[in-house]
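Source: prediction; values computed, not measured.
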Amino acid sequence: MRLQKTTMQFLKIYGAYFAFTLTVVLASQTAKAQFVLVEADEQFNLLNYNKAITLYTEAYQKKPTLHAMQRLATAYRLNNDYVQAESWYAMLTKTNGAKAEDFLYYGNALRNNSKYNEAKVQYQKYVSLSRADVATQNLLMLSCDSAMSWMKKPVAVVIKNELALNSATADWGATFGQNSVVFTSDRTNDLVKDQLRKNKPFLKFDESNQAPDKNIYGWTGNGYLRLYTKDAKDNVALFPFDAGSDYHVGAATFTANGNEMFFTLTKIPAHVERENGVPKTVKVELFSAKKEADGNWGKPVSFRYNNVNQYSVGDPFITKDGKTLYFVSDMPGGKGKTDIYYVTRYDDGSWSNATNMLELNTAGAERTPFLDNEGNLYFSTDGRIGMGGLDIFKLSKGNSVPVNLRYPINSPQDDFSFITKDSKEAMLASDRLGGKGSDDIYSLAFEENLSLKLEGFALAANTNKPLADVLVSITKADGTILSTQTDSLGAFSFNLNPNIDYLISGKKTGFRNAEAENINGLGASLLKKNIYLTPITLNQEIRIENIYYDFDKSNIRTDAALELDKLVKIMKENPTLWIDLGSHTDSRGNDKYNQKLSQARANEAVKYIIARGIEAYRIKAKGYGESRLLNDCTNDKPCSEEAHQRNRRTEFTIIKQ
């Protein structure tokens, strides 16, 4: 089966990918790259982006092409990997053949990574190339300006990662149930071993009519979405009901008495319509269920507006009295990509015609409506001035203009599924930096003590000159992050709690990320701290100090391991870097043997680095033998052991940033 990406930002659905193999042995490097590209294209067209990324990376390393570059940028973008997407779009937009939309997506990735001034440059290029209308120009530029302003004056609220709810995968859609929290997750564990992100595609068969895989979702490589429940003791279990689907289920909403629920799911219908012989996309649907006398949930009932072959319906919210249902759909006649609608329930249980909430819907995507006890409506959208991705807005009762909840309630990434239990408890979902997984659930609380002022400058490590537009971040122990940008003089400041440990770090395009350092005010009212960033120069050898080898040996010595660990740290802190790792010998022994020995040494160093969590495709081993001596200790010339050892070294060269 195949997936089709739509503009909707609902659930992600996956079916089994169509296996593609070739038996011909292809000898040349170009032919091998082309073979891998064919496989990569198959996976990309099936929306198996996780696997496509691996294949396109392999193809690009064999032979760099515009096609592989475009597909890698797209696949990372659709997987919401903003850091990698930025890296590939940066390369793509400098290549002949880049399209206008590539500059838009590059700007979006920069914006998602809080690089707002850089994003504006790319947006201006996009506007020039595409001749975008004034409304689009204003939305892009004002969003960047507003975000930078909000980050400098953040809302006094604490964003806490709800660690008991979150996993290494996507967790979102929390709602308060009866003495528990019900939420949605695509985690893979023993609870759903035989079954199985918030995102975007819907089921679509390919020509083989192969059934979907029931365990792994190829878009992300994770499991399928399921409903879970967490009790007061933080025990997490599958929510006890049968939704009637082997695929995604979630998120859910409940009436006040907990006896009725509405939820989104995807399943293969009995009849899938075809267009020109190809099956149409299967859409997301809404269902409801009621508790029966024995306390179990009854059979799911299809919602009136479901139309699985024509449009999607999702993101339900039922009012506590069960009389009004809000939902999101891309049904014909809407204002944008997805709109928020509501229906009312008659006494006989039937639903009224759907009303489009025109006062809040935009040309973008509206998501996750929620009505609080006071009648205020919260929702998310990417169609208004915001930080980046989906932002949470509040439409106060009696008002007609929604208000952005600003930073740090909103982040440069997707923020959605905002709910409140009362005036003191609120939750949201976000894929902001610092979480446990792709989407995490967070709670909100007002900050009571921000009496520590942190001030400093971001400086270039090689010149000590101040750096503007550096993203400086403060990270708490639970991973939550507060960020700001340096001004034109490189200055930054934060208001913090003096009794909490923080990590401070910095990022800027063209520089290696500043090494994270611990800070704690220990009761002080003012703390000063500078950070230093090292510029990146492509294709320039960088010596790894003290990487030496015993004579005629290739094994990694203990002293060398300590130095290689530093390179591992750099690569973990800079996940887009690709490097060539070169190893050199001294002149003793014949040239051919030394070439072989140096390659073995390089291979051992690379194996060491990969074993510590660095992806193999990011590092390549290269042996230079005795061809690049650092001194005049050439063949047969008497030299001290110390002089010879200086030539037995390892260096790395950054080939992609």
Asks: Mind checking what makes side-chain hydrogen bond (donor to acceptor under 3.5 Å, both in side chains) contact with Glu563, not counting sequence neighbours?
Replies: Lys566
Asks: Looking at every non-hydrogen atom in both residues, tell me the closest pair between Gly510 and Gln657 and how far apart they are.
Replies: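 Distance-wise, the nearest heavy atoms are CA-OE1, 3.5 Å.
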Asks: Show the numbers, then the answer: is there a side-chain contact (heavy atoms from CB on, under 4.5 Å) between Asp415 and Leu405?
Replies: CA-CA 11 Å; Asp415 304 282; Leu405 295 190; over 6 Å; no
Asks: Ignoring hydrogens and angles, tell me if any N or O in the side chain of Tyr502 forms a donor-acceptor pair with the backbone of Asn497 under 3.5 Å.
Replies: yes
Asks: Kindly indicate whether the side chain of Cys144, heavy atoms from C-beta on, has any atom under 4.5 Å from the side chain of Asn117.
Replies: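 No - every pair of side-chain heavy atoms lies 4.5 Å or more apart.
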Asks: Please list, chain by chain and in numerical order, all residues satisfying side-chain hydrogen bond (donor to acceptor under 3.5 Å, both in side chains) with Lys656, sequence neighbours excluded.
Replies: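 Here the qualifying residues are Ser87.
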Asks: Do Glu374 and Lys397 touch side chain to side chain, with heavy atoms closer than 4.5 Å?
Replies: no
Asks: Hey, what do you get for CG (Leu140) to CG (Leu104), rounding to the nearest 0.5 Å?
Replies: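 It is 6.5 Å, given to the nearest 0.5 Å.
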Asks: Output yes when a side-chain donor or acceptor of Asp431 lies under 3.5 Å from a complementary backbone atom of Asp414, and no otherwise.
Replies: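 Here the side-chain-to-backbone pair exists.
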Asks: Holding to side-chain hydrogen bond (donor to acceptor under 3.5 Å, both in side chains), I want the full list of residues that pass it with Asp231, two or more places apart in sequence or in another chain.
Replies: Asn235
Asks: Let's go through Ile159 and Leu444 carefully: what are the C-alpha distance in whole Å and the side-chain angles of both, what is the deciding distance for side-chain contact (heavy atoms from CB on, under 4.5 Å) to 0.1 Å, and is it a yes or a no?
Replies: CA-CA 5 Å; Ile159 310 295; Leu444 310 181; 3.1 Å; yes
Asks: State which residues pass salt bridge (Lys or Arg N to Asp or Glu O under 4.0 Å) with Arg618; sequence neighbours excluded, sorted by chain then number.
Replies: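 Applying salt bridge (Lys or Arg N to Asp or Glu O under 4.0 Å) to Arg618 gives Glu615.
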Asks: Name all residues meeting the side-chain contact (heavy atoms from CB on, under 4.5 Å) criterion together with Leu489; count only those two or more places apart in sequence or in a different chain, and write none if there are none.
Replies: Asp487
Asks: Consider ring pair (Phe, Tyr, Trp, His ring centres under 6.0 Å). Of Phe416, Tyr228, Phe183, Phe418, which one does Trp172 pass it with?
Replies: Phe416
Asks: Could you work out, with side-chain hydrogen bond (donor to acceptor under 3.5 Å, both in side chains) as the rule, every residue matching Asp171, not counting sequence neighbours?
Replies: Ser167, Ser185, Arg187
Asks: Shortest non-hydrogen contact from Pro412 to Asn112?
Replies: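 In this case the closest contact between Pro412 and Asn112 is O-ND2, 2.8 Å.
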Asks: When rounded to the nearest 0.5 angstrom, what distance separates OG1 in Thr475 from CG in Leu433?
Replies: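 One gets 9.0 Å once the value is rounded to the nearest 0.5 Å.
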Asks: Please tell me whether Lys320 and Asn373 have a donor and an acceptor in their side chains that are separated by less than 3.5 angstrom.
Replies: yes
Asks: Just by modelled atom types, is the Thr480 backbone N or O under 3.5 Å from a matching donor or acceptor in the Asp478 side chain?
Replies: yes
Asks: To the nearest 0.5 Å, tell me how far Asp439 CG sits from Thr184 OG1.
Replies: 10.5 Å
Asks: Lys572 side chain to Arg612 main-chain N or O, any donor-acceptor pair under 3.5 Å?
Replies: yes
Asks: Taking all heavy atoms of Leu371 and all of Thr319, pick out the closest pair and write down the distance.
Replies: CD2-CG2, 4.0 Å
Asks: Can you see whether Tyr442 has Arg432 sitting over its ring - NZ or CZ less than 6.0 Å from the centre and within 45° of the normal?
Replies: yes
Asks: Do Glu573 and Arg512 come within less than 4.5 Å of each other through their side chains, counting heavy atoms only?
Replies: no
Asks: Is there a side-chain contact between Ile504 and Leu454 (heavy atoms, below 4.5 Å)?
Replies: yes
Asks: Is Asp565 paired with Lys569 through a side-chain N to carboxylate O contact shorter than 4.0 Å?
Replies: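 Result for this pair is no, no salt bridge flagged.
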Asks: Who pairs with Lys507 by salt bridge (Lys or Arg N to Asp or Glu O under 4.0 Å), at least two apart in sequence or on another chain?
Replies: none
Asks: For the pair Asn161 (side chain) and Gly435 (backbone), establish whether a donor and an acceptor sit closer than 3.5 Å, ignoring hydrogens and angles.
Replies: no
Asks: Output all residues satisfying side-chain contact (heavy atoms from CB on, under 4.5 Å) with Ala363, sequence neighbours left out; order by chain, then residue number.
Replies: none
Asks: Take Lys115 and Glu86 through the test salt bridge (charged side-chain N to carboxylate O under 4.0 Å, His left out) and record every step on the way to the result.
Replies: CA-CA 10 Å; Lys115 299 178 180 180; Glu86 177 194 329; 2.8 Å; yes
Asks: Any pair with a residue in residues 452-461 that passes salt bridge (charged side-chain N to carboxylate O under 4.0 Å, His left out), sequence neighbours left out, goes on the list, sorted by first then second residue, please.
Replies: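 Residue pairs with at least one partner in residues 452-461: there are none.
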Asks: Does some side-chain heavy atom of Gln84 sit less than 4.5 Å from a side-chain heavy atom of Thr576?
Replies: yes
Asks: Looking at Arg406, I want to see if its CZ is surrounded by more than 12 non-hydrogen atoms of other residues, nucleotides or ligands under 6.0 Å.
Replies: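 Not more than 12 within 6.0 Å, no.
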Asks: Phe254 pairs by ring pair (Phe, Tyr, Trp, His ring centres under 6.0 Å) with which of Phe239, Phe176, Phe317?
Replies: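 Exactly one pass, corresponding to Phe239.
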Asks: Is it true that a side-chain atom of Asn376 and a backbone atom of Asp372 form a donor plus acceptor pair closer than 3.5 Å?
Replies: no
Asks: Closest approach of Tyr76 and Ile53, non-hydrogen atoms and distance?
Replies: OH-CG2, 3.2 Å
Asks: Measure across Gly386 and Arg111 and return the closest heavy-atom pair with its distance rounded to 0.1 Å.
Replies: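 It is O-NH2, 3.2 Å.
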Asks: Closest approach of Ile614 and Val568, non-hydrogen atoms and distance?
Replies: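 Minimum heavy-atom separation between Ile614 and Val568: CD1-O, 3.9 Å.
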Asks: Okay, side chain of Thr486, backbone of Val470: is any donor-acceptor separation there less than 3.5 Å?
Replies: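 Judged by distance alone, yes, a pair lies under 3.5 Å.
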Asks: Are the side chain of Asn410 and the backbone of Ile392 linked by a donor-acceptor contact shorter than 3.5 Å?
Replies: yes
Asks: side-chain contact (heavy atoms from CB on, under 4.5 Å) with Ser180: which residues, sequence neighbours excluded?
Replies: Val182, Thr229
Asks: Would you say the side chain of Ile531 lies within less than 4.5 Å of the side chain of Ser505, judging by non-hydrogen atoms?
Replies: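 Heavy-atom side-chain distance check fails, nothing below 4.5 Å.
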Asks: Can you measure from CD1 (Ile654) to OG1 (Thr537) and round to the nearest 0.5 angstrom?
Replies: 8.0 Å
Asks: For Ser130, enumerate each residue passing the side-chain contact (heavy atoms from CB on, under 4.5 Å) test, keeping only those at least two apart in sequence or located in another chain.
Replies: Ala100, Tyr126, Ala132
Asks: For residues Asn108 and Tyr123, is any side-chain donor paired with an opposing acceptor at under 3.5 Å?
Replies: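 There is such a pair between these side chains.
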Asks: Thr509 and Glu118: side-chain donor and acceptor closer than 3.5 Å?
Replies: yes
Asks: Can you list every side chain to side chain donor-acceptor pair (under 3.5 Å) pair that touches residues 146-157, not counting sequence neighbours?
Replies: none
Asks: Do Asp315 and Tyr326 have side-chain heavy atoms sitting under 4.5 Å apart?
Replies: no
Asks: Determine yes or no for a side-chain-to-main-chain donor-acceptor pair under 3.5 angstrom, with Lys125 supplying the side chain and Phe103 the backbone.
Replies: no
Asks: Does the side chain of Glu162 come under 3.5 Å of the side chain of Ser443 through a donor N or O and an acceptor N or O?
Replies: yes
Asks: Checking side-chain polar atoms at under 3.5 Å, does Glu366 have a donor or acceptor matched by the opposite partner on Thr362?
Replies: yes
Asks: With a 4.0 Å cut-off, would you call Lys529 and Glu517 a salt bridge?
Replies: yes
Asks: Within the distance-only criterion (no hydrogens, no angle test), does the side chain of Asp440 pair as donor or acceptor with the backbone N or O of Gly437 below 3.5 angstrom?
Replies: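 Between the backbone of Gly437 and the side chain of Asp440 there is a qualifying donor-acceptor contact (under 3.5 Å).
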Asks: Side-chain contact, heavy-atom cut-off 4.5 Å: Val158 with Lys476?
Replies: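 Yes, close enough: below the 4.5 Å cut-off.
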